[in-house]
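Report on the following structure.
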Amino acid sequence: MRTRFVVLHVMVLSLLAVLAVRLWQVQVVRGPEFVAVATETRTRDVVVPAIRGQILDSAGRPLVRNRSGLVVSIDRTRLERMRDKGAGVLARLAAVLGSTPETLRERIRACGPGVTRPCWTGSPYQPIPVDDAVTTREALQILERQEDFPGVTAEVQAVREYPGRSHAAQVLGYLQPVTEHELEKRKGLKTSYSGVDLVGRDGLESVYDQALRGKPGLRRVQVDRMGKVIGIEQQVAPVPGDTLITSIDAGVQGLVEKALAGAMKRAPQADGAAGVVLDVRTGRVIAMGSMPTYDPSVWTGGISENEYQRLLSDKSGRPLVSRAIKGTFAPGSTFKVTSVSAMVKDGYPLKGIYDCPGAFMVGSRPFHNFRGIGLGPMNLHTALVKSCDTIFYRAAYEMWLRDGGMKPKAKTKDPMAAMSRAYGFGKVTGIDIPGESPGRIPDRYWKKNLWAATRATNCIRAKSGYPEVKDASRAAFLKRLAYENCLEGFQWRAGDAANFSIGQGDVLVTPLQLANAYAALVGDGKVRSPRIAWALVRPDGTRVKEIKPPVIGKLSINEETRAYIKNALSQVASDGTAAGAFGGFPMNLVRIGGKTGTAEVYGKTDTSWFASFAPAEKPRFVVVVMVSQGGMGGSAAAPAVREIYEGMYGFGKDHAPPVLTEPAKNPPVIKPDGTVKR
């Protein structure tokens, strides 16, 4: 018995010795290491995203604002490390949110080739939001049972909201997660990106993304072994983004969108429309609309594959694309203001008399007036009011001959092409939203470049023809055209010049370009680069900077010529081609000037245009409307412009008060508490 006690005593002493050695090793030898590990495992660094700045209109009304919402996010990396790849967590979470595990799995999978939306385009190392409309009860179920929802968070976050719904959708843009590629490629983004922020896509959200995003904060929290927060160790507050004040007037924007929708309903074949309202004196954009449009809130919380494809589908009219800046169309007779300007600069008498026959021979081919009707002798003033074509055909043909015709001189003048470029056509206006099209101003050099690029195809078609075209006469015409272009497609023909003079043929412009050109014509003769953004302001009202539209050119005609053209256009709505659309409009109160345009498009209904300005005596506004496949300018576009002016000046049948009779002179003042001073 004594021996047994001795053995037991030795064993106990040995165990105590081993324990002491182990304690010494843990606490002394490796103590600092375990302290660091313990500290690391019980603290978490939480990036606090900054509240994104609002986007306001010229009166301080929100175009884009934030609302607070409970957002549930999933750490995909943590789920992937689990034995079941997070299947159990997703099943429990789906039951709480009223969703399905499959839906949640789709939202957190990475986008890539062959992966349909919804999917995650952002970094795989940031929490992925799966629901931004969570109730308080649902959030508490997740937060109070963290052991059942590892890798799942529920936090109050700012969610983008659009009070006007679809109004100015293409102008405002939208938000999406930043990608790993962008973090590497975009200078400065990696240092300012919080890991949970969204980045601006398209529109103002994209161009002014850095200012709107602000700077993220940091919160270091203490957590227990289950991940529950038990205290805050350190906190650095985020810096909210700047408020972007625009020159857009929400009331006028609503008028434009309503007028465009109405114009498309009145024209059964119409497949798109666009409208632009500019401040003549400053070059600021007061409204810009495009139809079809969409509600940008579809991007919030992730967009479905069906909805995404609808935004890009030709069948639905590609709502994501702004026809105001990206759509290019033949301008028709609205382009004649450049032709008159070119004629006068080239030596044609400003106040001369010109014959307007029903047709004019351009070389060996007759070019007809509208419906072949001759209007007799007239001055250029009447030529614009009545929209005579043959006067411009003759001038363009004569200019073409003076440049050498089919055997051009070493240095040609191309007066009409040169003048159209002075008006700003053929290049981007430089407006502060992305994706603008430069349009197209064709001339001899353009024709040569086109021929070089298409010659091989034309020569093949000249032999094979167009067997896929069912219409025999059309197929024969295309084959003959391919043969001619194969041999001499580089030549700028007389017919090309004649079509150019009336805004037909290969001339393409955007609605914004046309509005900007008319603003220069009826304004001070300076071509400006339009701006939508007006000022950036801190949330407390401190002005960061004002954004001014720069002058980028000047019309190469004198003030007398500009005044002459403006006076002629001032009669179009009352006595000219738009008189039917403006019948009964109170011209004695506000006189409307402008020019209709009806541009032919092969295989489609004509493109309808009306470019206008008001008041005609001292213009403050330029309003341009284009309706694709709308028919004649006076039947679709002009009535839409009238509807906009009636709403702006309060002349409508509903007797509503005026929306805007003068452009805002200064941006609204933001008070220190963030409210707008009225």
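Values reported hereafter were calculated over all heavy atoms of this structure, with side chains retained and with hydrogens, waters and symmetry mates removed.
Applying the ring-ring contact (aromatic ring centres under 6.0 Å, His included) rule to F367 yields the partners Y393; only residues at least two apart in sequence or on another chain are considered. For F425, the ring-ring contact (aromatic ring centres under 6.0 Å, His included) criterion is met by F335, not counting sequence neighbours. Judged as a side-chain contact (heavy atoms from CB on, under 4.5 Å), and not counting sequence neighbours, the contacts of P163 are P62, R65.
For the pair K345 (side chain) and N558 (backbone), a donor-acceptor distance under 3.5 Å is absent. Listed for the Y397 side chain is no donor-acceptor partner under 3.5 Å among the backbone atoms of A498. Not one N or O on the side chain of Q253 forms a donor-acceptor pair closer than 3.5 Å with the backbone of H167. A side-chain donor-acceptor contact under 3.5 Å links Q513 to the backbone of K427. Looking only at distances, no side-chain donor or acceptor of R284 sits under 3.5 Å from a matching main-chain atom of W534. Without hydrogens or angle criteria, T390 side chain to A359 main chain gives no donor-acceptor distance under 3.5 Å. In this structure, N369 contributes its side chain and G374 its backbone to no donor-acceptor pair below 3.5 Å. No side-chain donor-acceptor contact under 3.5 Å links D414 to the backbone of A417. Looking at D57, its side chain does come within 3.5 Å of a backbone N or O of A250 through a donor-acceptor pair. Listed for the S628 side chain is no donor-acceptor partner under 3.5 Å among the backbone atoms of D271.
For the pair Q571/H381, a side-chain contact is recorded, criterion being any heavy-atom separation below 4.5 Å from C-beta on. Two residues are said to be in side-chain contact when any heavy atoms from C-beta on lie closer than 4.5 Å; K315 and S313 meet this criterion. Within the 4.5 Å cutoff, the side chain of D389 has no heavy atoms near those of the F360 side chain. Residues I557 and M419 form a side-chain contact, since some pair of their non-hydrogen atoms from C-beta on lies under 4.5 Å apart.
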Determine, stepwise, if the pair Y174 / Y294 fulfils ring pair (Phe, Tyr, Trp, His ring centres under 6.0 Å).
CA-CA 11 Å; Y174 55 94; Y294 74 101; 7.2 Å; no
Candidate pair V572 and F582, rule side-chain contact (heavy atoms from CB on, under 4.5 Å), full reasoning:
CA-CA 10 Å; V572 171; F582 281 87; over 6 Å; no
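F651 and Y649 have parallel rings, their planes meeting at less than 30° on a 0 to 90° scale where 60° marks the start of perpendicular. Under the 30°/60° scheme for interplanar angles, the aromatic rings of F500 and W492 are found to stand perpendicular. Ring orientation note: the planes of Y348 and Y354 are tilted relative to one another, at an angle of 30° to 60°.
Under 3.5 Å, the side chains of Y645 and S612 contain a donor-acceptor pair of N or O atoms. Side-chain contact check for N379 and T382: at least one donor-acceptor pair (N or O, by modelled atom type) lies under 3.5 Å. Side chain to side chain, E436 and T510 fail the donor-acceptor criterion of an N or O pair below 3.5 Å. In this model, no donor atom of one side chain and acceptor atom of the other lie less than 3.5 Å apart for T577 and S387.
Counting all heavy atoms, side chain and backbone alike, V207 lies closest to P434 at CG2-CD, 3.6 Å. Closest of all the heavy-atom pairs between D279 and P663 is OD2-CB, 3.2 Å.
Remark: T598 OG1 to I502 CD1 distance equals 10.5 Å, nearest 0.5 Å. Within the model, atoms OG of S290 and CG of L320 stand 10.0 Å from one another, a figure rounded to the nearest 0.5 Å. Remark: Q491 CD to K447 NZ distance equals 8.0 Å, nearest 0.5 Å. Atom CG of residue L521 and atom OH of residue Y423 lie 4.5 Å apart, to the nearest 0.5 angstrom. Q504 contributes atom CD, which lies 13.0 Å from atom CG of D496 (distance to the nearest 0.5 angstrom). Note that the OG atom of S556 and the CZ atom of R421 stand 12.5 Å from one another [nearest 0.5 Å].
Taking the ring axis of Y602 as reference, the NZ or CZ atom of R474 stays within 45° of it and closer than 6.0 Å to the ring centre.
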